[in-house]
Each structure stands twice: as structure tokens, then as C-alpha cells.
Amino acid sequence: MKIATWNVNSIRARLDRVLAWLRDHEPDIVCLQEIKTPTDAFPYEAVEAAGYAAAVRGQKTYNGVAILSRTPADAVIDHLDDEDDASARTHREARFLAARFGDLHVLNVYVPNGAVVGSDQWAHKLAWLRRLRTFLERHATPRRPLLLAGDFNVAPEERDVARPDRWRDSVLFHPEARAALADLTAWGLVDLVRLHHDGPGPFSWWDYRNLAFPKNDGLRIDHLFATDPLAARCTGASIDRDARKGPKPSDHAPVVAVFA
DNA sequence: ATGGTTGCTTAGCAA
């Protein structure tokens with residue numbers, strides 16, 4: 001069983017690359033973020049022709065998440081249910097999609113970037129991570145197989161950043177963002193890439209600017225987190241840096257885990 | 001020291 005997460009930065013701009021990647025890697029489940037497409041404009045036919053069912057929570061222009069799978073999900077939830085703090089923005093934004101496949105729960109998230117530390121978007125990011133933790137507390141248990149996948153827009157540790165001092169004050173590596181992510185995973189989640197790689201690196205995102213990729217000036221902000229019973233079956237995890245190469249790549253690379 | 005990129009939508013925002 002192979003499961004991946006990939007921020008594709010527009011499914012329409014990236015469709016050929018995504019289809020080629022599905023052919024080459026034959027994953028069973030893929031969580032996509034930033035599809036930047038309304039739900040009804042998702043390329044369902046091309047994805048189905050490639051052998052995948054698609055659960056989609058789309059949005060025009062921004063955000064958007066989808067879960068592709070060899071077999072259709074048994075059930076899907078497309079929003080966080082904690083809307084009682086008057087955050088209309090959370091309800092409007094397409095950042096959350098959960099699917100159940102038998103006993104396996106897969107949660108796909110696109111955590112807000114946060115723009116600049118101290119901004120309204122920054123507060124929104126921190127609040128969103130807290131809401132996600134509340135969702136887990138209400139609807140899941142660390143004692144059953146669950147995968148929390150996505151673009152978290154947070155690098156957890158020093159070894160997840162090529163140049164930590166340069167990024168320390170940014171929304172991707174600020175101590176408050178790292179603490180919010182640590183609080184989330186303390187619910188009962190294991191970082192699958194860190195089961196198999198001590199680092200420094202691997203990285204999952206490189207800015208389009210400043211020749212960041214050829215210089216490998218990257219961060220690991222895309223993650224696969226699993227509860228213990230699922231992590232115990234994880235035989236490998238890696239980041240497909242090759243998918244960042246060549247013409248018209250996403251700025252993110254896929255993160256992949258294999259389970260016995 | 002500065003500026004550099006991409007996608008969506010069409011001048012400016014988000015990342």
C-alpha cells in the first residue's frame with residue numbers, strides 16, 4: 001500500500017505531470033493540495049481514465065484539496081466541523097478533506113500559509129491548526145489507523161530547513177508555528193519520513209525564486225503523520241525530489257509512504 | 001544590496 005501527498009499548485013496547470021507521476025509510481029491513494037479549481041471543474045475524466053476515483057473539495061482561484069484513490073472512499077467529509085468561533089473564512093476555504101477506506105482514515109489538509117508573522121493570516125493559521133487538533137479529539141483516536149497528510153506550511157525542526165537562520169522569522173519556521181504543529185502531533189501522530197531519515201533534509205518545498213531548487217535551499221513543510229497502529233506498518237517513506245525537476249514543476253515535491 | 005517565479009485572472013494577490 002503506497003500513499004502520497006503533493007501540493008500541485010493548480011491541478012489544471014499540472015495535469016500532465018500528475019498523470020505521468022501516477023503512471024510511474026502507482027500509488028494507491030494520493031492527497032492533493034492547492035488544486036485551485038472549483039469542484040465541478042476538476043479533471044475527473046482524465047483522473048478516472050488513469051484508474052483513480054476522486055473526492056474533491058474545490059474552490060475557485062485559491063486552495064482546493066482532493067483525494068485520489070484506486071478504489072472509491074467509503075465516506076467523505078469536506079470541512080472541519082468546528083465553526084463556532086465566528087470564523088466564516090474557515091468555512092469558506094477549501095482546505096480540508098477526509099476519506100475513509102475500510103478501517104483506514106485519511107485526512108488531507110492545506111494549512112493556511114500565514115503570509116507574515118503578526119498578520120491576520122498568521123492568526124488564522126495558528127487558529128486553524130488548533131481547530132484541526134479539536135477535530136482529531138472529537139472524531140478520531142490514536143488507537144486506530146489514521147493518516148494526516150498535507151501541506152502544513154510548517155517545518156518542524158532545524159534539520160527540516162536548509163538555512164534555519166534565514167527562515168526563523170518566517171511563517172514557515174517561526175517558533176509559534178512549530179509549537180502549534182507540535183501541539184497537533186502530540187495528540188498521537190508519528191512523522192513517517194522521520195522514521196526512515198535522520199536528516200538534515202529531505203525537503204519538500206523550494207521557492208520558485210532565487211534558484212532555490214538548484215541550490216537545494218528547501219524546507220520540509222509537507223508531511224505524512226500517522227497514528228501508532230498505522231506507523232507500525234510503515235516500511236518506507238521518502239520525498240520524490242525528481243518530481244520538482246524539469247519544465248513547469250510544482251514548487252512542492254510529493255511525499256510518499258509505503259505500508260505493509 | 002537587490003531582485004528573482006509561478007498561477008489565476010487580467011493588475012494584483014497569494015504563495
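- Residues passing the side chain to side chain donor-acceptor pair (under 3.5 Å) test with D191(A) are R220(A), sequence neighbours excluded.
- Look at the P atom in both dT10(B) and dA14(B): the space between them is 14 Å, to the nearest Å.
- Spacing of C1' atoms, dT6(B) relative to dA11(B), comes out at 16 Å, to the nearest Å.
- Legend: residues meeting side chain to side chain donor-acceptor pair (under 3.5 Å) with S204(A), ordered by chain and number and at least two apart, are D222(A).
- Following rounding to the nearest Å, L211(A) (CG) and dG3(B) (C1') show an atom-to-atom distance of 11 Å.
- Note: the hydrophobic cluster containing V190(A) also contains I29(A) (ILVMFWY, side chain heavy atoms under 4.5 Å, direct or indirect links).
- In this view, H105(A) satisfies the ring-ring contact (aromatic ring centres under 6.0 Å, His included) rule with no residue, not counting sequence neighbours.
- The separation of dG3(B) from dG7(B), taken at their P atoms, amounts to 23 Å, rounded to a whole angstrom.
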Produce the list of close N/O pairs, under 3.5 Å, pairing protein atoms with atoms of nucleotides 9-15 of chain B; give distances to one decimal.
| from | atom 1 | to | atom 2 | distance (Å) |
| --- | --- | --- | --- | --- |
| dT9(B) | OP1 | T61(A) | OG1 | 2.7 |

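- As rounded to whole Å, 14 Å separates atom P of dC8(B) from atom CD of Q59(A).
- Shown here are the side chain to side chain donor-acceptor pair (under 3.5 Å) partners of K36(A), two or more places apart in sequence or in another chain: N9(A).
- Taking atom P on both nucleotides, dT9(B) is separated from dA15(B) by 14 Å, rounded to a whole Å.
- Legend: salt bridge (charged side-chain N to carboxylate O under 4.0 Å, His left out) pairs involving residues 240-259 of chain A, not counting sequence neighbours, sorted by first then second residue: D242(A)-K245(A).
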